[in-house]
Structures are given as structure tokens and as C-alpha cells.
Amino acid sequence: MLLLNKIIEGIKMVNEKDISILNFKNRKNFFCDYFVICDGKSKSQVYAIFKYIEKITIEKLKTKPWHIEGSENGEWILMDYVSIVVHIFQKKLRLYYNLENIWNEKL
């Protein structure tokens, strides 16, 4: 839970609004415990959220993401911490992919 709190803290350093946490912890054979989904208004804000999450988890927990996708384009950055997968979208892409509803329907 400490990692989840630090990820949320990193997001809130840039954008406090519209953070979703999907809890899969009680799902059998699921690939992670949580999805954290948030968005930024621009590529630079998406990248800033990514950098703050990375900075705070390294500084406070000595933890780096196992894998990162999309950091070069700043439209949808995925940070995989194994137990937690963070999705940072530009707002328009978040609405388009609608991960919250897709995963809620499957669960």
C-alpha cells in the first residue's frame, strides 16, 4: 500500500483531479493488484506526472518501475511496478480508451 500511496502523491504533485484506482487484489490469477489511471492536459503535463511518480518512488522507496512504455511520445505512458500498473493519459486518449469502464465490465 505504501507504493500505491507514493504513486498517488506523485500524481497529485502535478494534477489532483480525476485519479482512478481499480482494485484487482481479490481477483484470482490477475496480473496485478491495482491499476492507477490519471491524465494530463498536454504531453508536457503527462510527462511531468510520469517524472514525479518516478522521482518519488525512487527517492522514498528505492523502487523503480519494472517496465515503462510510451514515455517518448507523452500521449499514454504506462509504468509497470508489477503489483501496480500506472496509466497516464492525455485527456482525449483517456476518454477514447475508457479503461475504467472496460475493466469494470470485465470484472
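When reading the values below, keep in mind they use all heavy atoms of this one structure, side chains included, and skip hydrogens, waters and symmetry mates.
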query = Going by an N to O cut-off under 4.0 Å, is there a salt bridge joining Arg94 and Glu100?
reply = yes

key: Nearest heavy atoms of Cys38 and Ile49, plus distance in Å   = SG-CG2, 4.0 Å

request  = Indicate, with yes or no, if the rings of Phe35 and Phe24 have centres closer together than 6.0 Å.
outcome  = yes

query = Looking at Lys12 and Glu9, does any basic side-chain N land under 4.0 Å from a carboxylate oxygen?
reply = no

key: Steps toward side-chain contact (heavy atoms from CB on, under 4.5 Å) verdict (Leu78, Val85)   = CA-CA 7 Å; Leu78 181 140; Val85 178; 3.9 Å; yes

key: Ser42: side-chain contact (heavy atoms from CB on, under 4.5 Å) partners, not counting sequence neighbours   = Ser44, Gln45

key: Intermediate values then yes/no, side-chain contact (heavy atoms from CB on, under 4.5 Å), Lys55 and Phe50   = CA-CA 9 Å; Lys55 180 180 183 196; Phe50 158 67; over 6 Å; no

remark   = Rounding to 0.5 Å, atoms NZ (Lys41) and NZ (Lys92) come to a distance of 15.0 Å

ask   = Quick one: NZ on Lys25 to SG on Cys32, what's the gap to the nearest 0.5 Å?
value = 11.0 Å

note = Looking only at heavy atoms, the pair that brings Gln90 and Gly74 closest together is NE2-O, 3.3 Å

request  = Evaluate the ring planes of His87 and Phe89, with Trp represented by its six-membered ring, and classify them as parallel (under 30°), tilted (30 to 60°) or perpendicular (over 60°).
outcome  = parallel

request  = Applying side chain to side chain contact (heavy atoms under 4.5 Å, CB included) between Ile11 and each of Ile88, Asp39, Ile37, Ile53, report the one that passes.
outcome  = Ile53

request  = Report the C-alpha distance between Asn23 and Asp33 in whole Å, list the side-chain angles of each, state the deciding distance to 0.1 Å, and finish with yes or no for side-chain contact (heavy atoms from CB on, under 4.5 Å).
outcome  = CA-CA 6 Å; Asn23 185 342; Asp33 293 338; 5.8 Å; no

inquiry  = Just so I know, are the side chains of Trp76 and Leu99 near enough to count as touching, which here means a heavy-atom distance under 4.5 Å?
reply    = yes

query = How many angstroms lie between NZ in Lys43 and CD1 in Ile77, if you round to the nearest 0.5 Å?
reply = 10.5 Å

key: Side-chain heavy-atom pair Val86, Tyr34 within 4.5 angstrom cut-off   = no

query = Applying salt bridge (Lys or Arg N to Asp or Glu O under 4.0 Å), which residue pairs with at least one partner in residues 62-72 are found, sequence neighbours left out?
reply = none

ask   = Would you find a donor on one side and an acceptor on the other, under 3.5 Å apart, between the side chain of Thr57 and the backbone of Thr63?
value = yes

message = Test of understanding: with ring pair (Phe, Tyr, Trp, His ring centres under 6.0 Å), list the residues that count as partners of Tyr52, not counting sequence neighbours.
response = none

ask   = When you look at OH of Tyr96, are more than 12 heavy atoms from neighbouring residues, nucleotides or ligands closer to it than 6.0 Å?
value = no

request  = Could you tell me whether Asp18 and Lys91 make a salt bridge, using a distance below 4.0 angstrom between a side-chain N and a carboxylate O?
outcome  = yes

Which atom of Leu3 lies closest to which atom of Ser83, heavy atoms considered = CD2-OG, 4.4 Å

message = I'd like to know whether Ile21 forms a side-chain contact (heavy atoms from CB on, under 4.5 Å) with Ile8, so could you lay out the CA-CA distance, the side-chain angles of the two residues, the decisive distance to 0.1 Å, and finally the verdict.
response = CA-CA 9 Å; Ile21 300 168; Ile8 300 302; 3.8 Å; yes

